[in-house]
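Accompanying notes for the structure given below.
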Amino acid sequence: MKRKIFACLTAAVLGLSAAGTLGTAVEPVVLAAGTPKVEYLDRGISAIQTDGGMLVSWRYLASDSTTTVFQLYRDNTLIYTSESGMATCYLDSAGSAGAVYRVDTVENGSVVSSDTCTL
């Protein structure tokens with residue numbers, strides 16, 4: 001478990017340094033006094049080639065419920081399901097840089113969004 005968490009943290013650091021910024025740029029909005037400022041973030045899927053395969057990670061958003069489930073697909077084949085409270089990253093040992101990864105966000109058994117990462 002510690003190795004998986006370390007791998008996810010390493011991927012996040014490498015992804016941020018390689019990609020610069022992962023979110024969509026949005027002009028800041030000034031809200032009423034005392035209201036926090038927020039920015040729009042998408043799922044932010046990233047995939048990084050490692051010696052062990054492709055490390056794929058994505059964001060858990062503040063708008064996601066505590067029961068949100070994520071399904072990770074490689075080339076339209078389900079390879080990982082992240083149940084509630086599990087890591088939002090996966091080391092795909094069979095993956096390659098040419099793969100297309102998709103994360104489906106599932107709420108109450110229904111897909112509420114799909115986000116794709118192509119390299």
Side-chain angles (χ1 to χ4, degrees):
M1 183 65 167
K2 288 182 182 179
R3 293 182 87 166
K4 191 172 191 176
I5 292 170
F6 178 75
C8 287
L9 290 173
T10 302
V13 170
L14 290 173
L16 288 174
S17 63
T21 172
L22 297 176
T24 304
V26 175
E27 290 296 318
V29 176
V30 178
L31 303 174
T35 304
K37 294 179 186 178
V38 296
E39 64 181 323
Y40 170 79
L41 294 175
D42 61 12
R43 195 61 62 196
I45 304 170
S46 63
I48 300 170
Q49 189 164 14
T50 69
D51 290 339
M54 296 299 292
L55 182 59
V56 184
S57 67
W58 58 96
R59 290 188 185 103
Y60 179 90
L61 303 174
S63 59
D64 292 331
S65 77
T66 57
T67 60
T68 299
V69 172
F70 301 102
Q71 295 176 330
L72 175 64
Y73 293 82
R74 177 189 357 96
D75 299 326
N76 292 319
T77 300
L78 179 65
I79 60 171
Y80 174 69
T81 299
S82 175
E83 299 292 338
S84 176
M86 292 176 62
T88 57
C89 65
Y90 179 75
L91 180 59
D92 181 14
S93 59
S96 67
V100 175
Y101 290 97
R102 182 182 86 229
V103 173
D104 285 353
T105 304
V106 180
E107 295 280 343
N108 300 317
S110 298
V111 175
V112 295
S113 69
S114 291
D115 299 275
T116 304
C117 174
T118 56
L119 303 176

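Worth saying up front: this structure is predicted, and the values here are computed from it rather than measured.
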### Message
Could you measure the distance from the CD1 atom of I79 to the OH atom of Y90? Nearest 0.5 Å is fine.
### Response
5.5 Å
### Task
Drop me the distance from S82's OG to Q71's CD, to the nearest 0.5 angstrom.
10.5 Å
### Message
Working to the nearest 0.5 angstrom, can you tell me the gap between Y60 OH and C89 SG?
### Response
15.0 Å
### Task
Kindly write out the residues that satisfy side-chain hydrogen bond (donor to acceptor under 3.5 Å, both in side chains) with S65, not counting sequence neighbours, or none if the list is empty.
T67, T68, E107
### Query
Does T105 reach the main-chain N or O of V112 with its side chain, forming a donor-acceptor pair under 3.5 Å?
no
### Query
Members other than V69 in its cluster, when Ile, Leu, Val, Met, Phe, Trp, Tyr link by side-chain heavy atoms under 4.5 Å?
V106, V111
### Task
Could you list the residues that satisfy side-chain hydrogen bond (donor to acceptor under 3.5 Å, both in side chains) with S114, not counting sequence neighbours?
D104
### Task
Could you go through the side chain to side chain contact (heavy atoms under 4.5 Å, CB included) check for Y80 and V56 one step at a time?
CA-CA 11 Å; Y80 174 69; V56 184; over 6 Å; no
### Task
Sort and list the pairs that fulfil salt bridge (Lys or Arg N to Asp or Glu O under 4.0 Å) and have at least one residue in residues 48-57, not counting sequence neighbours.
none
### Summary
Distance col, row D42:CG vs W58:CH2, nearest 0.5 angstrom, shows 14.5 Å
### Pairing residues for N108 by the side-chain hydrogen bond (donor to acceptor under 3.5 Å, both in side chains) criterion, not counting sequence neighbours
none
### Qualifying salt bridge (Lys or Arg N to Asp or Glu O under 4.0 Å) pairs, either residue in residues 75-92, two or more places apart
R74-D92
### Task
Work out which heavy atom in M86 is nearest to a heavy atom in T81; give both atom names and the distance.
CE-O, 4.1 Å
### Task
Please identify each residue that fulfils side-chain contact (heavy atoms from CB on, under 4.5 Å) with A97, with sequence neighbours left out.
Q49, L119
#### Entry: ILVMFWY clustering at 4.5 Å (side-chain atoms), partners of Y73
L78
### CD1-CG distance between I48 and L91, expressed to the nearest 0.5 angstrom
11.0 Å
### Query
If only atom types and distance count, is the side chain of T88 paired as donor or acceptor with the main-chain N or O of S57 below 3.5 Å?
no
### Query
Which atom names give the shortest non-hydrogen contact between S96 and Y101, and what distance separates them?
N-OH, 4.1 Å
### Partner set under side-chain hydrogen bond (donor to acceptor under 3.5 Å, both in side chains) for S84, not counting sequence neighbours
none
### Message
I need the full list of salt bridge (Lys or Arg N to Asp or Glu O under 4.0 Å) pairs touching residues 110-119, with sequence neighbours left out, sorted by first then second residue.
### Response
none
### Shortest non-hydrogen contact from D64 toward R43
OD2-NH1, 2.7 Å
